[in-house]
Amino acid sequence: MKTLPFLRYGIAAIALMAAHATQAETRIGAIFDVTGPLNIYGIEQQRALELAVDNINENGGLLGEPVKVVSYDAQSELSKYTQFTHTAILRDKVDALFAGLTSSSREAIRPIIRKADIPYFYASLYEGGACDKQTFVTGTSASQQLSVLIEWAVKEYGKRIYIMAPDYNFGTISAHWVHEYARSLGAQVVGQDFLALTVTDFTPTIQKIQASKPDFVVALPVGSNQTGFLEQFSAAGLKDSIGIVSSNYGSGNQQVVVSPRAGDGIISNQGYYMAVDNPTNRDFIELWKQRHPIKAPLTSGAVAVWNAVNLWAKAVEKAGSADSDAVIEALESGLTFEAPNGTVKLEPGSHHLRQNIYIARGNDKHDFTILETFPSVAPFYENEKCDLIADPDLVEHFSPEAD
């Protein structure tokens, strides 16, 4: 198997390897939704973690020792995250945990991890605002994505905006940011609709959109609801006159399921697409192909997990130990990593990534064409609210709705 460059061992690293030759193996825990309705995300997350660990081990391991993965299948059930987090800590004694897709899974894990005082990595796009000493986020936050998406869409389509989003924190907080950026750009939100995840008939929402006459819709439904809405929107004949933009379309490869007619022209906005053209991404894709057939484009969630494992590994090497306090200190030192989505930097205070954000257009081949790259976009809301260097005891899930 081809390996990607990881870390080049110098004299100091060789000395550390000798010093730690007798240490116990380093273990990391992985809790993802490998089965159940969320497995379209969880399988790729698990494969990305295993690929990253295999690549590290084939390049010499960490401090001269291989990394072992202890995996658990949350089965798309929230209670399993609590159960397996306790198991990973108490029985399997992991040195770090990589887990979760939904915000509810993250919030179930964080209090347990805090007490155990081990690094926890959340690798999923989300509404933003999570802040505590043990948690590190390698996905994109809502404000980080929408800060560039709304400005781009106003320039492309016009100033009248309609919001269609799920009725929980991801949808409502994302909608808040759309309102904020609309005001700053002199644009107007002409209507909004928050829907339960169980809704499958979007006729009432489509009628409201037609009556509001927006220039574009910010469409944020989740999972199968997203493809259902896009198909119905297209069937209503609205695509020729109203644009659609989304910060989560394609995160679970929805573009593969939606018909070419419905998907062609949909604007997506994330931290990674398989179409990103750089040498690291080409090597990453080749490495993945050697391990797994690529039946659908690789997703931002997979790359966020890959980045999380490699940033943790760099911190272990820098600390010279997998000890939690030393690793967290190293993670807060401003680590950078040449990732498939471009150079990423772990912000010391907020524990979120500064990373590229891409605008892409869905095409009629069930894939995306990248239109524009916004380099090194900061997680500005998290950086503003969360400074764990100045206040290491801060534990909060900040929400702009409460500001």
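Side-chain contact check for Asn307 and Thr138: no donor-acceptor pair (N or O, by modelled atom type) lies under 3.5 Å. Looking at Gln192 and His179, their side chains do bring a donor and an acceptor atom within 3.5 Å of each other. Side chains of Asn281 and Tyr272: a donor-acceptor N/O pair is present below 3.5 angstrom, by distance only. For the residue pair Asp73 and Thr35, a side-chain donor N or O sits within less than 3.5 Å of a side-chain acceptor on the partner. Between the side chains of Ser259 and Glu231, a donor-acceptor pair is found at a separation under 3.5 Å.
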Assess the residue pair Asp264 and Arg361 against the criterion (salt bridge (Lys or Arg N to Asp or Glu O under 4.0 Å)); give the C-alpha distance rounded to whole Å, side-chain angles, the decisive distance to 0.1 Å, and a yes or no. CA-CA 8 Å; Asp264 189 21; Arg361 185 188 301 275; over 6 Å; no
When you look at Asp201 and Gln232, which way does the side chain to side chain contact (heavy atoms under 4.5 Å, CB included) test go after all the steps? CA-CA 8 Å; Asp201 181 4; Gln232 292 173 42; 3.9 Å; yes
Please test Ser268 against Tyr273 for side-chain hydrogen bond (donor to acceptor under 3.5 Å, both in side chains), starting from the C-alpha separation and ending with a verdict. CA-CA 10 Å; Ser268 178; Tyr273 295 93; 2.6 Å; yes
Please report the C-alpha distance between Leu353 and Leu311 in whole Å, then the side-chain angles of each, then the deciding distance to 0.1 Å, and finally whether the side chain to side chain contact (heavy atoms under 4.5 Å, CB included) criterion is met. CA-CA 11 Å; Leu353 280 192; Leu311 284 165; 3.7 Å; yes
Show, in sequence, the C-alpha distance, side-chain angles and deciding distance for Leu51 and His292, and conclude whether the side chain to side chain contact (heavy atoms under 4.5 Å, CB included) test is met. CA-CA 10 Å; Leu51 190 66; His292 303 289; 5.7 Å; no
Salt bridge (Lys or Arg N to Asp or Glu O under 4.0 Å) between Arg110 and Glu107, worked out: CA-CA 5 Å; Arg110 285 206 300 153; Glu107 293 308 297; 2.8 Å; yes
Worked verdict on His351 versus Val137 for side chain to side chain contact (heavy atoms under 4.5 Å, CB included): CA-CA 6 Å; His351 293 187; Val137 179; over 6 Å; no
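Side chains of Asp95 and Ile118 form no contact here, defined as non-hydrogen atoms less than 4.5 Å apart. Between Pro260 and His366, some side-chain heavy-atom pair lies under the 4.5 Å cut-off. By the 4.5 Å heavy-atom criterion applied to side chains, Phe398 and Tyr381 are counted as neighbours. Two residues are said to be in side-chain contact when any heavy atoms from C-beta on lie closer than 4.5 Å; Ile28 and Val94 fail this criterion. Proximity of Trp312 to Val67: side-chain heavy atoms (C-beta onward) are separated by under 4.5 Å at one or more points. Put simply, the side chain of Glu127 reaches to within 4.5 Å of the side chain of His397, judged on heavy atoms. Between Lys385 and Glu396 the shortest side-chain heavy-atom distance does not fall below 4.5 Å. When side chains are defined from C-beta on, Ser350 does not count as touching Leu388, because their heavy atoms never get closer than 4.5 Å.
The backbone N or O of Asp117 sits less than 3.5 Å from a side-chain atom of Ser324, completing a donor-acceptor pair. Looking at Ser147, its side chain does come within 3.5 Å of a backbone N or O of Ser143 through a donor-acceptor pair. Although no hydrogens or angles enter the test, the distance criterion places a donor-acceptor pair under 3.5 Å between the side chain of Asp215 and the main chain of Arg160. Between the side chain of Asn39 and the backbone N or O of Ile43, no donor-acceptor pair lies under 3.5 Å. Between the side chain of Asn57 and the main chain of Pro66, no donor-acceptor pair closer than 3.5 Å is present. Looking only at distances, no side-chain donor or acceptor of Ser300 sits under 3.5 Å from a matching main-chain atom of Ser251. Side chain of Asp33 to backbone of Ser76: a donor-acceptor contact under 3.5 angstrom is found. Judged purely by atom type and a 3.5 angstrom limit, Gln145 uses its side chain to pair as donor or acceptor with the backbone of Ser247. The backbone N or O of Arg261 lies less than 3.5 Å from a partner atom in the side chain of Lys239, making a donor-acceptor pair. Side chain of Glu44 to backbone of Thr299: a donor-acceptor contact under 3.5 angstrom is found.
Remark: Ile109 CD1 to Thr135 OG1 distance equals 9.0 Å, nearest 0.5 Å. Atom OG1 of residue Thr140 and atom CG of residue Asn341 lie 9.5 Å apart, to the nearest 0.5 angstrom. Annotation: the span from Tyr126 atom OH to His352 atom NE2 amounts to 2.5 Å, rounded to 0.5 Å. Annotation: the span from Glu347 atom CD to Glu382 atom CD amounts to 10.5 Å, rounded to 0.5 Å. The CD1 atom of Ile328 sits 9.0 Å away from the CG atom of Asp323 when rounded to the nearest 0.5 Å. Atoms CG and CH2, on Leu146 and Trp177 in that order, are 9.5 Å from each other to the nearest 0.5 Å.
Each of Phe136, Phe121, Tyr122, Trp306 was checked for a ring pair (Phe, Tyr, Trp, His ring centres under 6.0 Å) with Phe98, and the lone residue meeting it is Phe121. The only option from Thr85, Asp92, Thr87 that meets the side chain to side chain donor-acceptor pair (under 3.5 Å) definition with Tyr72 turns out to be Asp92.
Shortest non-hydrogen contact noted between Pro297 and Gln255 is CG-NE2, 3.7 Å. Residues Lys318 and Ser333 share a closest heavy-atom pair of NZ-OG, 2.9 Å. In plain terms, the two heavy atoms of Met164 and Pro221 that are nearest each other are SD-CD, 3.6 Å. Between Ile242 and Pro214 the shortest heavy-atom distance is CG1-O, 3.7 Å. Annotation for Phe194 and Gly171: closest pair CE2-O, 3.8 Å, computed over non-hydrogen atoms. Taking every heavy atom of both residues into account, Asn278 and Gly342 meet most closely at ND2-N, 3.8 Å.
The residues Lys155 and Glu151 are annotated as salt-bridged, a charged nitrogen and a carboxylate oxygen being separated by less than 4.0 angstrom. Ion pairing between Arg282 and Asp277 holds under the 4.0 Å rule for side-chain N and carboxylate O.
Not less than 6.0 angstrom separates the ring centroid of Phe229 from the ring centroid of Tyr249.
Ring geometry, Tyr157 versus Phe216: the interplanar angle falls from 30° to 60°, so the pair is classed tilted.
Within a 6.0 Å radius of CD in Glu372, other residues, nucleotides and ligands contribute more than 12 heavy atoms.
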